[in-house]
Every structure is written in structure tokens, then in C-alpha cells.
There are 2 protein chains.
Amino acid sequence: MEAVLTEAVALLDEAGESALTFRALAARLGGGVGSIYWYVSSKDELLDRAADHVLADVLRAAEMLTGSDDPIDDLRAIAMTLFDAIADRPWLGAYFMRNTGVQPHGMKLYELIGEQTLRLDLTRRERFHAVSAVIGYVVGIAADMGQQPPQEVRDGEVSREDYLSRFVAQWRAMDADQYPFVHHIVDDFEVHDDADQFSAGLDLLLAGLRLQAGA
Amino acid sequence: MEAVLTEAVALLDEAGESALTFRALAARLGGGVGSIYWYVSSKDELLDRAADHVLADVLRAAEMLTGSDDPIDDLRAIAMTLFDAIADRPWLGAYFMRNTGVQPHGMKLYELIGEQTLRLDLTRRERFHAVSAVIGYVVGIAADMGQQPPQEVRDGEVSREDYLSRFVAQWRAMDADQYPFVHHIVDDFEVHDDADQFSAGLDLLLAGLRLQAGA
DNA sequence: CGTTCTATCGAACATCGTTCTATTGTATCG
DNA sequence: CGATACAATAGAACGATGTTCGATAGAACG
């Protein structure tokens with residue numbers, strides 16, 4: 001069982017979601033295709049279990065970072081940890097948002113985030129909403145940024161910079177009257193860093209939360 | 001071409017993402033499987049086109065709602081419109097976040113959101129980050145909430161309330177010492193409304209943005 | 001020894017995306 | 001008008017995938 005999940009995660013990490021096949025997994029385990037179905041009843045369950053397997057590490061890391069004086073700082077640290085995990089595991093984003101809180105470690109993570117809000121001066125309902133907002137933001141952004149670049153980039157034929165600059169060129173070629181904003185930020189887009197972008201947006205959200213807790 | 005997209009969207013709306021098959025689509029169009037490949041080169045492109053086809057309506061609706069005195073109010077209206085669209089089209093969420101801004105109407109929507117930030121007193125970089133944050137939040141939350149409930153619920157065998165209360169019961173059964181937050185908000189969860197929840201989180205984000213623009 | 005339960009295996013099936021070739025209709029041109 | 005090129009359609013065929021199923025072997029136990 002443990003081996004099944006470990007190898008499944010390895011396959012996902014190495015070559016993305018499409019690489020996780022029952023046949024490929026069986027070959028890696030040196031067994032037959034049917035054997036996997038003894039441990040897992042479907043591919044969906046396999047993915048859920050693999051995702052939760054990874055979340056165990058995320059949870060452990062997140063727990064390390066909490067315990068400061070400021071609950072919002074802790075919230076920030078947890079969110080960052082989760083973001084990092086999804087960012088370099090693109091497959092995790094897609095299978096994290098579905099059924100949040102059904103898997104054991106996902107549930108614990110939800111709890112951990114929620115507990116920080118218990119230390120804030122908020123309504124019950126406000127706490128509930130705040131946690132949903134933070135998780136939704138993290139998963140949404142991370143899943144977006146972690147999407148697999150096209151085949152050419154993955155194979156190394158085209159560098160990430162070239163790929164990005166192709167986008168930039170396309171944006172620059174657009175009508176400036178119809179797309180003033182796109183032209184306005186294209187320079188920033190060209191040199192942007194995913195983690196910075198995530199962090200800046202998170203700060204907005206947490207600033208709003210801090211405002212709410214202070215009133 | 002137009003008919004292909006219309007029927008593709010109809011299939012997606014009626015029975016979800018898994019229902020969109022080249023064979024099912026061909027049967028609906030009264031033609032052969034191969035014919036579709038004349039209009040579209042892959043299933044990915046079909047989904048992209050279908051998503052953009054829907055985004056045209058979203059964009060039109062969003063444009064109607066802008067033009068108030070307060071750019072942040074406009075931002076809020078656009079986000080709400082986008083949320084509603086994804087909420088009752090679960091398939092849209094998954095295929096919206098990938099390649100935002102490649103499809104024409106997705107690009108326009110990005111521009112429309114961005115233009116609101118042009119009316120705020122912000123750095124270029126701050127504007128760039130703000131737009132990413134808003135879109136990430138909307139798509140993340142909407143995709144999460146719009147996820148297809150299990151088969152039983154879709155078939156009407158189990159009502160949405162029963163489905164939700166099964167969750168609630170599971171949460172209530174958990175150890176109260178280990179999961180204080182979960183027990184804290186379970187009552188709110190039981191009666192929660194997705195749109196309210198989204199709206200509350202969006203307000204946090206926009207409050208943070210307003211704060212940034214005021215400084 | 002017989003029985004039951006755990007665990008494994010791989011052939012077989014249905015379905016899906018995709019490719020390929022053949023064919024039909026339709027406009028254009030010599 | 002006949003020929004030719006091109007837009008468009010149709011469906012058989014291929015390879016890959018998730019899943020089902022029956023067969024089988026070992027272990028545990030009375």
C-alpha cells in the first residue's frame with residue numbers, strides 16, 4: 001500500500017498527471033495491473049490517496065511554522081507552504097480542491113488554518129468565510145501557475161524565457177487602444193515572478209482580514 | 001463551426017465534462033466523428049473554444065455592470081458575474097484557469113478587470129498583482145464550489161441537503177479536542193450559501209486593495 | 001485435510017482521442 | 001462544358017486507457 005502511493009507520487013512528479021497509468025504503475029511495482037485494484041478501487045481514489053500522501057508532508061512543514069504571536073503571520077506562513085507544495089507539483093492543485101476536507105491530512109490542514117482565525121476577533125461566520133477565502137485563493141493561484149507548460153518547453157527545446165517572451169510579443173502586438181491595461185503591465189509581466197505575485201495577492205487578502213479583525 | 005460549439009456547450013452543460021465525447025458530439029450533429037476534426041484539431045482546442053464561446057456572454061454581462069464611480073465596486077461586479085458563470089458551469093472553472101488570456105474573450109475579460117485598476121492610485125506592479133489576485137480568487141473558489149457532486153446527487157436519488165448533512169454528521173463525529181475549529185464552524189457550514197461565502201471572501205480581498213490604493 | 005481469507009496476476013472488454021483514406025459536393029478556370 | 005482543385009464529410013481502424021473477471025497460489029485456522 002505504502003509502496004503503491006510512493007511510486008504513484010514518483011510517477012506524477014516525474015512526468016505529470018498523464019504519466020500515472022495503471023499499467024505504468026504496475027510495471028514500476030513489478031506486478032500486474034489488477035493487483036493495484038486490491039488496494040484502490042478506482043483511479044480517482046488513487047489520485048486522492050496520492051494527494052493526501054503528499055499533504056502529510058505539507059502539514060508537517062506548516063505546523064512547524066505556526067506559533068508566532070501574530071495569527072495572521074501564521075496564516076501567511078501556512079499559505080506560503082501550501083503554495084510552494086502545489087507550485088512544484090502541478091498535479092496536486094487540480095486534485096486538491098476537489099473534496100477538500102474529505103482526506104485526513106487535508107482535513108487537518110483545514111483545521112490548522114482555521115485555528116489561526118480562532119485567535120482573531122471575528123464572528124464565527126467571519127472565521128468560516130476567512131478560511132474558505134484563504135484556501136480558495138491559494139489553490140486557485142497555485143493551480144493556475146502550476147499548469148504544465150506545453151510539450152516543447154518540458155522537453156527543453158524551448159526555454160521558459162523564450163516561451164514567456166513569445167507571450168509578451170503577442171501582447172505587445174495587440175491594439176493599444178483596445179487593450180490599454182495589457183500594454184500597461186506587459187513590462188511587469190515579462191519579468192514577473194510567480195511567488196512574488198502570489199505573495200502580493202495574499203497580502204491584500206490578509207490586510208482585509210486584519211482590518212475586519214480590528215473593527 | 002458555430003453549431004459545433006453550441007452543441008459542445010450543450011453537452012457540457014447537460015452532463016458535465018465527461019459527457020463531451022467526439023462520438024457523442026458527432027451523433028448530436030448528425031455527422032461522423034472525423035468531421036469535427038476539420039473544425040478543431042484536438043479535444044483540448046474544442047474545450048478551449050467552447051470555454052471562450054461561453055466567455056463571450058460573460059464578458060457582455062460584465063461590461064454592462066461597469067461604469068460606476070467606484071472602480072472597486074465595478075471590480076466587484078465583474079468578479080460576481082464571472083463567479084456566477086463558473087458556478088453553474090462546473091466544467092468552465094477547470095478550463096478557464098489554464099491559458100487565461102490566450103483565448104480572445106478571456107483576454108478581453110482580463111483587460112476589463114485590469115482597466116478598473118487603472119482608475120486606482122497604484123503602482124504598475126501593484127495593479128498587475130491585484131488583477132492576478134482577483135482572477136485567481138474567483139476561479140479558485142468557483143472551481144471548488146462548482147465541482148460536480150457525486151453521481152447519486154446528480155441523479156436526484158439523494159438531495160443536496162442530505163448530501164451536505166452527511167458531511168456535517170461526519171464532521172460532528174470527529175474528536176472535538178483535535179478539531180476545535182471544525183466543531184466551531186460546523187453549524188455555519190450546515191446552512192452556508194456558496195454565493196455568500198464567495199462574496200465575503202471577495203470583500204476581504206477588495207478591502208485590502210482599497211487600503212493599498214488609499215495609502 | 002478442508003475451508004476461508006488475503007493477495008496477485010493478466011487476459012478481455014468497452015470507451016476514448018486520433019489518424020487515415022475514400023468520397024461527395026461545389027466552385028473556378030481553360 | 002468538362003476538368004480540376006478545394007472545402008467538407010464520413011466512418012473504419014489503431015493504440016492507449018480504466019475497469020472487470022475468473023483463475024490461482026499461499027497463509028491461517030479449526
Side-chain angles (χ1 to χ4, degrees), chain A residues 1-53 90-92 94-95 98-99 102-103 147-152 154-155, chain B residues 1-53 90-92 94-95 98-99 102-103 147-152 154-155:
Chain A
M1 178 72 230
E2 189 65 19
V4 172
L5 292 185
T6 307
E7 292 303 319
V9 170
L11 268 172
L12 287 166
D13 285 344
E14 284 167 22
E17 196 171 328
S18 62
L20 180 58
T21 318
F22 275 55
R23 287 171 177 82
L25 183 55
R28 241 182 133 100
L29 291 165
V33 195
S35 306
I36 307 175
Y37 277 89
W38 195 89
Y39 296 97
V40 135
S41 71
S42 72
K43 188 171 185 183
D44 278 342
E45 189 186 328
L46 176 61
L47 276 160
D48 284 345
R49 296 281 260 273
D52 199 64
H53 191 256
W91 57 273
L92 190 57
Y95 279 86
R98 72 170 204 182
N99 303 339
V102 167
Q103 249 50 33
Q147 53 179 285
Q148 295 242 44
Q151 193 73 36
E152 342 166 70
R154 243 177 307 164
D155 296 346
Chain B
M1 180 71 230
E2 190 65 19
V4 172
L5 292 184
T6 307
E7 293 303 320
V9 170
L11 268 172
L12 287 166
D13 285 345
E14 285 167 21
E17 197 173 325
S18 62
L20 181 58
T21 315
F22 275 56
R23 288 170 177 82
L25 183 56
R28 241 181 132 103
L29 292 165
V33 195
S35 306
I36 307 175
Y37 276 89
W38 196 89
Y39 295 98
V40 136
S41 71
S42 72
K43 188 173 185 183
D44 278 342
E45 188 186 329
L46 177 61
L47 275 161
D48 285 345
R49 295 281 260 273
D52 199 63
H53 191 255
W91 57 273
L92 190 56
Y95 279 86
R98 73 169 203 182
N99 301 341
V102 168
Q103 251 45 36
Q147 52 178 286
Q148 294 242 46
Q151 193 72 36
E152 342 166 71
R154 242 177 309 163
D155 296 346

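A note on names: the letters A, B, ... follow the listed sequences, proteins ahead of strands, and every chain is numbered from 1. Note that the structure is predicted; figures quoted are calculated from it, not measured. What you see below is based on every heavy atom in this structure, not just the backbone, and it leaves out hydrogens, waters and symmetry mates.
Here the P atom of nucleotide C:dT8 and the CZ atom of A:Arg23 are 18 Å apart, to the nearest Å. Atom CG in B:Asp44 sits roughly 17 Å away from atom P in C:dC16 (whole-Å rounding). Taking atom CG of residue A:Leu25 and atom C1' of nucleotide D:dG18, one finds them 13 Å apart after rounding to whole Å. Rounded to an integer number of Å, the gap from B:Leu29 CG to D:dA8 P is 15 Å. A:Leu20 has its CG atom 14 Å from the C1' atom of D:dA16, to the nearest Å. Nucleotide C:dC16 holds its C1' atom 8 Å from the NZ atom of B:Lys43, rounded to whole Å. Here C:dT8 presents its C1' atom at 15 Å from CZ of A:Phe22, a figure rounded to the nearest Å.
Shown here for B:Phe22 and B:Ile36, the closest heavy-atom pair between the two residues is O-CD1, 3.5 Å. Of all non-hydrogen atoms in A:Ala50 and A:Val9, the two that sit nearest each other are O-CG2, 3.9 Å. The minimum heavy-atom distance linking A:His53 with A:Thr6 is given by the pair CE1-OG1, 4.3 Å. Listed here is the closest heavy atom pair of B:Glu45 and B:Tyr39: OE2-O, 4.2 Å. Contact detail for A:Ala24 and A:Ala19: the closest heavy-atom pair is CB-O, 3.9 Å. Pairing each heavy atom of B:Arg49 with each of B:Gln103, the nearest pair is N-NE2, 4.2 Å.
Within the helix from C:dC1-D:dG30 to C:dG30-D:dC1, the inter-axis angle between the opening and closing five-pair segments is 20°, rounded to 10°.
Near DNA chain C, meaning a heavy atom under 4.0 Å away, the residues from residues 32-40 of chain B are B:Val33, B:Tyr37.
Counting only distance, with no hydrogens or angles, the side chain of A:Lys43 and the backbone of A:Leu20 share a donor-acceptor pair below 3.5 Å.
When side chains are defined from C-beta on, B:Leu12 counts as touching B:Leu47, because their heavy atoms get closer than 4.5 Å.
If you check D:dT17, C:dG17, D:dT19 against the side chain of A:Ser42, the one that comes closest is D:dT19.
One distance of note links CG of A:Leu5 with CG of A:Asp52; it measures 9.0 Å at 0.5 Å rounding.
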